[in-house]
2 protein chains.
Amino acid sequence: MVTINDIADLAGVSRTTVSRVLNSSGYVSEKARKKVLKVIEQTGYVPSEHAKSLRTKKTKVIGVLLPKVSTETISRIVEGIEYVLSENGYHILLASANLVAAKELEHLQLLQSRRVEGIILVATNTNDELVKMIQSLTIPVTALGQDIPGVSCVLYKDYEAAYDVVSLLIKKGHTRIGFIGVDEADPAVGIERKKAYYDCMKEAGLEVEEGWVQKGVFNIDSGAAAMERMLIKSDRQPTAVFAVTDRLAVGAMQTLKQEGVAVPDTMSVMSIGASDLSEYVTPPLATVNYFHEKAGRETAKLMLTQIRTKGASIKKISMDYRLIERDSLL
Amino acid sequence: MVTINDIADLAGVSRTTVSRVLNSSGYVSEKARKKVLKVIEQTGYVPSEHAKSLRTKKTKVIGVLLPKVSTETISRIVEGIEYVLSENGYHILLASANLVAAKELEHLQLLQSRRVEGIILVATNTNDELVKMIQSLTIPVTALGQDIPGVSCVLYKDYEAAYDVVSLLIKKGHTRIGFIGVDEADPAVGIERKKAYYDCMKEAGLEVEEGWVQKGVFNIDSGAAAMERMLIKSDRQPTAVFAVTDRLAVGAMQTLKQEGVAVPDTMSVMSIGASDLSEYVTPPLATVNYFHEKAGRETAKLMLTQIRTKGASIKKISMDYRLIERDSLL
DNA sequence: CTGTTAGCGCTTTCAA
DNA sequence: TTGAAAGCGCTAACAG
């Protein structure tokens, strides 16, 4: 591996001079600069960011900690993060917990050892240990998706969006509305959206039958199973159902189709996500667009300002959302 | 930031000793080890991988260069890569070209400057400059998706898979088969799959009308537009169409639905990809599963063996695939 | 305009 | 079983 010393020797200058032309800092004669550039060209020398950052204390790397890599939501978020970061000369060091909570802690440590300048956490839980560790970090942290006390966050309006969904269903004349949620370990999706459902029903003076409220996990099959249970356990069948994610809703629609329950004629379906799937499924699914890529960009920007302005106060940013009415809604 | 020297001072030993307990190398008395460990615990010291790799020449980081972050195919590939790499103590430094060819070259340089131990290239083109630069690198490179001369590759069986698709269509009795392809800048998808189509048709003694062969880009709308053109420009309407990607096929199905052409009754549709979309669209799309996550894992493994066995010869691995017959096929 | 010197945080002989 | 010394590749005063 060719180093700055080799270049200096070959160009017949000191390595300081080489450093100067590398960083366009200080004075260098045209002659020396030309010579150095030529040698660099010939040798294919690429300066070591490692050595550089050992001195400068700047790595220009941000750690991005994901719960999982391959979901549509997350890949859109990462797209947004990558866009802003790379535009600003930063690189992403990727870490995925693969849905194992303990791995988040481990990765947090590893990212630190790599001297990332900040950590972006795409969060699906607010587990105590995680929060404590996050708060103890000396580098800036920005979380996306969950409200973590003491750290800057980009948040979705889960309560409002869910409330709007149920309101819309009620406005359309529905009075028996089912709900498919997820575990409360994920507060944003599991708690906020459910609370909004209950609140909205209550404020409209509508009852909620026990069988109408089901729980699943984040996939299609689980939505199908939840819908089956709802159909079986309801005294009076709902005329509409709100699933907290698109995949859950798609699963529900599968069951409905299978059971001969027409969507939207006898059952309306709505969800949150605006995934590709929601648009091309039959009938197209009414849902809420959360603008994940934009959320990713905002998170990255927030991180950048935190890095740049020492002692910046923590900020909470709320993302806007948009209801998309489609044929699954009557 | 607390360093190894601080720990040494606080523990009353030399930094050599601290290094020894950190790396469990050499002899350290129980007493010294205990003391050091305690101080580390108290201070929250995390060793700098940067300084370490400056000495050891090992960074345990692999650069992953993507054409784009947020596609289903790519996120599955990255999932696979991440899985294997993190299991082996490696981290991923992410770079996305965002579909700008020039950015690939730039990122290649940046990844080198970060002293990644190897580069995994998820390729969609085999552009001369790229290939030349790749070949000139001194660190191991593994490419996924395109055959790049001189470097180890994990490849999909594009020709065979496409040939099988068209064969199947012919076996089902179709004789007028349309084709929606993409630009030849992407050899794997744009050339191989098209060649297979032509070859298979020819070998079956079937004609190909000019209007039957259309070209799109990698999205749904473009598939819809291509299908429209096919419908208009064909003298005799095909009874089946093979689109080289799922999204193209989904677009085609949109047009077909809109134009009142029944799928599969008057037109069968097949593609390659096995995306989520293909499964839940109506009717479900017959397609080919490429096992992207597995491909990612294989690529990462290939990289690891290249790093570990100096001067390993370049290898070309072919991924298996599986035809999935679904209702879009009659 | 240029070079000398020191040192970033760590590992690795080598000698004790 | 431990420490001193050297050095990885680079930058940043400082002095010329």
Side-chain angles (χ1 to χ4, degrees), chain A residues 1-37 39-40 43-61 89 109-117 138-139, chain B residues 1-37 39-40 43-61 89 109-117 138-139:
Chain A
M1 189 95 275
V2 27
T3 78
I4 196 172
N5 289 306
D6 302 330
I7 304 299
D9 289 351
L10 290 171
V13 298
S14 76
R15 60 172 188 245
T16 310
T17 303
V18 178
S19 175
R20 288 202 179 96
V21 352
L22 249 24
N23 301 290
S24 343
S25 63
Y27 296 98
V28 182
S29 66
E30 247 334 278
K31 196 179 142 211
R33 136 172 280 103
K34 281 259 160 42
K35 178 76 184 159
V36 167
L37 254 17
V39 174
I40 288 177
T43 53
Y45 165 65
V46 181
S48 160
E49 285 296 322
H50 265 83
K52 184 170 178 171
S53 51
L54 189 57
R55 277 263 19 188
T56 61
K57 306 294 181 195
K58 297 198 178 308
T59 55
K60 287 279 195 172
V61 175
Q109 172 96 354
L110 289 173
L111 290 174
Q112 269 188 283
S113 76
R114 296 244 132 96
R115 296 297 186 260
V116 295
E117 290 183 36
T138 54
I139 54 175
Chain B
M1 191 94 272
V2 26
T3 77
I4 196 172
N5 289 307
D6 302 330
I7 303 299
D9 289 350
L10 290 170
V13 298
S14 75
R15 61 173 187 246
T16 309
T17 303
V18 177
S19 174
R20 289 202 179 95
V21 353
L22 250 23
N23 302 291
S24 344
S25 64
Y27 295 97
V28 182
S29 67
E30 246 334 277
K31 197 178 139 211
R33 136 172 280 104
K34 280 260 160 43
K35 179 76 185 157
V36 168
L37 254 16
V39 174
I40 288 177
T43 53
Y45 166 65
V46 181
S48 160
E49 285 296 325
H50 265 83
K52 184 170 180 172
S53 50
L54 190 57
R55 274 263 17 190
T56 60
K57 305 292 181 199
K58 298 200 178 308
T59 55
K60 286 281 196 171
V61 175
Q109 172 96 355
L110 289 172
L111 290 174
Q112 269 189 283
S113 77
R114 297 242 129 99
R115 297 297 186 260
V116 295
E117 290 183 35
T138 54
I139 53 176

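Convention: sequence-line order gives letters A, B, ...; per-chain numbering from 1. Small disclaimer: the values here were computed from a predicted structure and weren't measured. Both backbone and side-chain heavy atoms feed into the values below; hydrogens, waters and symmetry mates do not.
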A:Val36 side chain near A:Val13 side chain, heavy-atom distance below 4.5 Å: yes
Separation of atom CG in B:Leu54 from atom C1' in D:dT11, rounded to whole Å: 13 Å
Between the protein and nucleotides 12-15 of chain D, list the N/O to N/O atom pairs that are separated by less than 3.5 angstrom.
from   : atom 1 : to      : atom 2 : distance (Å)
D:dA12 : N6     : A:Thr16 : OG1    : 3.2

Any A:Ile139 side-chain heavy atom under 4.5 Å of A:Arg115 side chain: no
Value rounded to 0.5 Å, distance of OG in B:Ser19 from CZ in B:Arg15: 9.5 Å
Nearest heavy-atom neighbours spanning A:Ala8 and A:Ser14: CB-C, 3.7 Å
B:Ile4 and its side chain to side chain contact (heavy atoms under 4.5 Å, CB included) partner, picked from B:Thr16, B:Ile40, B:Asp9, B:Leu22: B:Leu22
Smallest separation among heavy atoms of B:His50 and A:Thr59, with atom names: CE1-CG2, 3.5 Å
Atom pair CG/OG1 of B:Leu10 and B:Thr43 - distance to nearest 0.5 Å: 7.0 Å
Rounded distance (Å) that lies between atom C1' of D:dT11 and atom CD of A:Glu49: 12 Å
Interatomic distance where CG belongs to A:Asn5 and P belongs to D:dC8 [whole Å]: 8 Å
Bounds of contact between DNA chain C and chain A, in 5' to 3' order, using a heavy-atom cut-off under 4.0 Å: C:dC1 to C:dG9
Salt bridge (charged side-chain N to carboxylate O under 4.0 Å, His left out) contacts in which one or both residues fall within residues 46-56 of chain B, not counting sequence neighbours: A:Arg114-B:Glu49
Length of the line joining B:His50:NE2 and D:dG9:C1', which is rounded to integer Å: 12 Å
Protein-nucleotide distance (B:Ile4, atom CD1; D:dG3, atom P), rounded to Å: 12 Å
Residue whose nearest DNA chain D nucleotide is more 5′ - B:Lys57 or B:Val13: B:Val13
